[in-house]
Structure formats: C-alpha cells, structure tokens
There are 2 protein chains.
Amino acid sequence: MPSDALWLTPSELRAWLGLVAVAELLPAQLDSQLQHDAGLTHFEYQVLAMLSEARSRTLRMSDLARRTNATLPRLSHVVRRLEDRGLVERAPCADDRRATNAHLTAAGWDLVVQTAPGHVATARALVVDALSAEQVAQLEDLTRTMLLRLDPEGRLTPPLDEVGRDDEGRDGASAT
Amino acid sequence: MPSDALWLTPSELRAWLGLVAVAELLPAQLDSQLQHDAGLTHFEYQVLAMLSEARSRTLRMSDLARRTNATLPRLSHVVRRLEDRGLVERAPCADDRRATNAHLTAAGWDLVVQTAPGHVATARALVVDALSAEQVAQLEDLTRTMLLRLDPEGRLTPPLDEVGRDDEGRDGASAT
DNA sequence: GTCGGACGGTTGACGCGACAACTTCACGCT
DNA sequence: AGCGTGAAGTTGTCGCGTCAACCGTCCGAC
C-alpha cells in the first residue's frame, strides 16, 4: 500500500532508519566477537556451522553457497583458507565429477563446538535478552514478512522445517 | 532474562536467525540498487545525504564519521574518491586548523536529489510496504530497543530529535 | 555418437575497509 | 615560553569479496 509514493511518514521513517542502523551494526559486532574468540569471520562460522549440521558433516560447494547466501567464488576462497587451517577438507564428488564436497574435519568440529556457546551468549546479550517474549514473537513475525521480499527464493533459513520442529539439543552445536 | 544460558528456545532461534538473515540481505540490496541507479555505495549515499541535511551542507570529518558509523580512515578514503568525482569538496577548518570540512558541491546536491526518490521507493518495496501500520510501529519499537544495546552511545540515528518532529518535506531529500 | 549449451568450480585482478604509523595542531601545565 | 599529551586527518599495507575469464563435466538434440 504505497501511502505516499515519494516519501515516508515519520513513523515509517523511524522504523526504516532503525532497521538500517541495526543491519549496519549487528553484523559488525558478530564479526568482532567471533574474530576475537575464535579467529573466525561470521561468514566462516556460518560455513562451519552449516557443515556441522549436515549429514556426515559434508556438503557440496553449491549447496553450501546457497545456504550461506554466498557467491561460488567467495565460498571457494573462504573454503581454501579454512582448508589451509585444517578446519575443512575438499574432495571431488563421486556422483558428479564436476562437483566438490566440503567436509568438516575433527578440528573444525571441535572449533564449532567450542565457539557456539559464546556466539549464543552474544546473540542473547545483543538482542534476545533485551526483548520480552511478546517482542520475540513480533520479531519472528516481522522478519518472516520481510524475508518474503528480501529472499523470495527462501534460500536463507531453508531449514525452517528443521527449526520448526521443537526438538532441541540436536547434532550441530551451531546457531548460525 | 537469560532463560537457558546456553541455548535459544525455538521461538527465539527463529527470531534470531530471521534477524541475522535480514541484516545480511538488506545492506546488499541497498548497495545494489544505489550502485545501479547512481553509481553509489549505500555508505557513499549516506555521506552525501548527511551533508545535504547539514547547515550549509558542510560537516567536519569527525562529525560525519560519527554520524555514519565510520572510522576516520574509511571516511577519509571515501571522501577523497567523492572529491575526485566532484561531488564533495574539502577545505581546512578555520576554527581548528587540525580539522577538515567536507562540503557538498552543487553536483553532489543534484545527485542526492535525483537519487533519493528511487532509494525511498526501494525502502518501500523491500520493507515498508510489506508491513501493516501496526507492524511498522512494532518495528520502530523493536529497533529502538535493540539499538540501546547495539549502539549504547546513540551515535547512529542521532537526529532522532529531528525525526521526532512531525515536519515533512524539509531540506534534505535524503532518507539515509 | 557427438556437439553445443549449460552447470560446477577455481583462479587472478581489482576495489574497498581495517589497522597501524605518522603528521600536524590544540591545549593544559609549569 | 616550552613541554607533553591527546585529538584530527591522511597515507600505506594487507585481507577479503566481486567480477570476469577460464576449465572440465554433464546432458539433451540430432
């Protein structure tokens, strides 16, 4: 409902500026915490976390790229660095000889397990614990609505099926 | 209220992942629209927009850095490039001879005026128009709460005083 | 079969942001 | 006056992400 096509109402403007500010600050603080505690970028952590949740801790590069919202070149570079650090291994895929499988090593798994609690704590400290239960529900609702526009394909948060099931303490220690 | 210190409830997890996804996708799409339509980064646009709203379209580098959440080195680089493109001018400050004033040129002003409507349209298309009036109010509230944690100093969205006043159509065409 | 187009992935070059070192200037203290 | 600390900016270097070019592989049409 384009109210006034050319501008935003004061309330809309405040909401929009607030959202932009959050989107600016949040990633930086996540990066900074993970960099400090584990020497990882948030993106690198996401990669490891996705692998930690995958069957046999292995995923094809394309899948990994899709789920982490990365371009293939970017992922390729990042995985190479992670491989240099012994956190990930690459192996050609048997089914499709064009494809490459990325596999989380034991060291990589350990790092994720070790890092996850601090990351969750940060999520609480920066956002979750500041919100009431009702606000959490609102945030859930709002982000779902926005993602319909921002991510029409639904590539991100694809394991909504998994997250939807109220099982806990399952395999991967990750929280993305 | 740290519910379970080590993990997130399913609802919290969905809200958190949603927020992270939005924070990942939104800046990229803003950059992409502005890059396409005006050859500007979102950050460059913010710089020009802040200048367009300032008295005499001039701001000291430090002020500009604070309001755009940038480090001084980053701002210095960006302003140099903008200066090369004729959108901004730099001049030593009379009051404090250490300081530098950044001033928006006529060309810079024109570019902002020309670019703002498209940017606002993007804000609507990606977020605002997808939300009900009630949701806009919720978003405003949520971001305010989160920014208390993410930006305790309140450096971003400092012109809350200005935004708070329900005047419209004032000087700067910007919407950040 | 084989040929053309499309997919999966890697590599190299370029641009931007972070960090650290440095210069210049302001200001308080003696 | 003269000194020292710290603020304001700039510059150079390095690391990461994007883009374009590239190679190898799959697969459908004929």
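Every chain is numbered from 1, with letters handed out A, B, ... down the list of sequences.
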For the side chain of [X], starting at C-beta, report the closest nucleotide among [options].
X: B:Val78; options: C:dG17, D:dG9, D:dT10; result: C:dG17
X: A:Arg98; options: C:dC7, C:dT10, C:dG17; result: C:dC7
X: A:Pro73; options: D:dT11, C:dT11, C:dG8; result: C:dT11

Do any side-chain nitrogens or oxygens of [X] fall under 4.0 Å of OP1 or OP2 in [N]?
X: B:Arg97; N: D:dA8; value: no
X: B:Arg81; N: C:dG15; value: no
X: B:Ser76; N: D:dG9; value: no
X: B:Thr100; N: D:dA8; value: no

[X] [atom1] to [N] [atom2]: how many Å, rounded?
X: A:Arg60; N: C:dT10; atom1: CZ; atom2: C1'; answer: 16 Å
X: B:Leu75; N: C:dA18; atom1: CG; atom2: C1'; answer: 14 Å
X: B:Leu72; N: C:dA21; atom1: CG; atom2: P; answer: 17 Å
X: B:Met61; N: C:dT24; atom1: CE; atom2: C1'; answer: 15 Å
X: A:Leu82; N: C:dT10; atom1: CG; atom2: P; answer: 13 Å
X: B:Asp31; N: D:dG17; atom1: CG; atom2: P; answer: 15 Å
X: B:Asp84; N: C:dG15; atom1: CG; atom2: C1'; answer: 14 Å
X: B:His77; N: C:dA20; atom1: NE2; atom2: P; answer: 15 Å

Taking B:Glu153 first and then B:Arg66, would you say they form a salt bridge - that is, a charged N and a carboxylate O separated by under 4.0 Å?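 Not counted as a salt bridge, because no side-chain N and carboxylate O are separated by less than 4.0 Å.
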
Is B:Arg81 salt-bridged to B:Asp84, cutoff N-O under 4.0 Å?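 No salt bridge links B:Arg81 with B:Asp84.
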
Is there a donor on the side chain of B:Arg74 or the base of C:dA18 sitting less than 3.5 Å from an acceptor on the other?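 Counting by modelled atom types and ignoring angles, no donor-acceptor contact under 3.5 Å is found here.
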
Polar side chain donor-acceptor pair, A:Gln29 to A:Thr122, under 3.5 angstrom: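 No.
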
For DNA chain C, whose closest nucleotide is more 5', that of A:Asp96 or that of B:Thr71? A:Asp96

So which one's nearest nucleotide on DNA chain D is more toward 5', B:Arg80 or B:Arg66?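 Counting from the 5' end, the first nearest nucleotide belongs to B:Arg66.
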
Closest heavy-atom contact between A:Val22 and B:Leu19?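 Taking every non-hydrogen atom into account, CG1-CD1, 4.3 Å.
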
Classify the ring geometry between B:His119 and B:His42 as parallel (under 30°), tilted (30 to 60°) or perpendicular (over 60°).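 Tilted, since the angle between the ring planes falls between 30° and 60°.
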
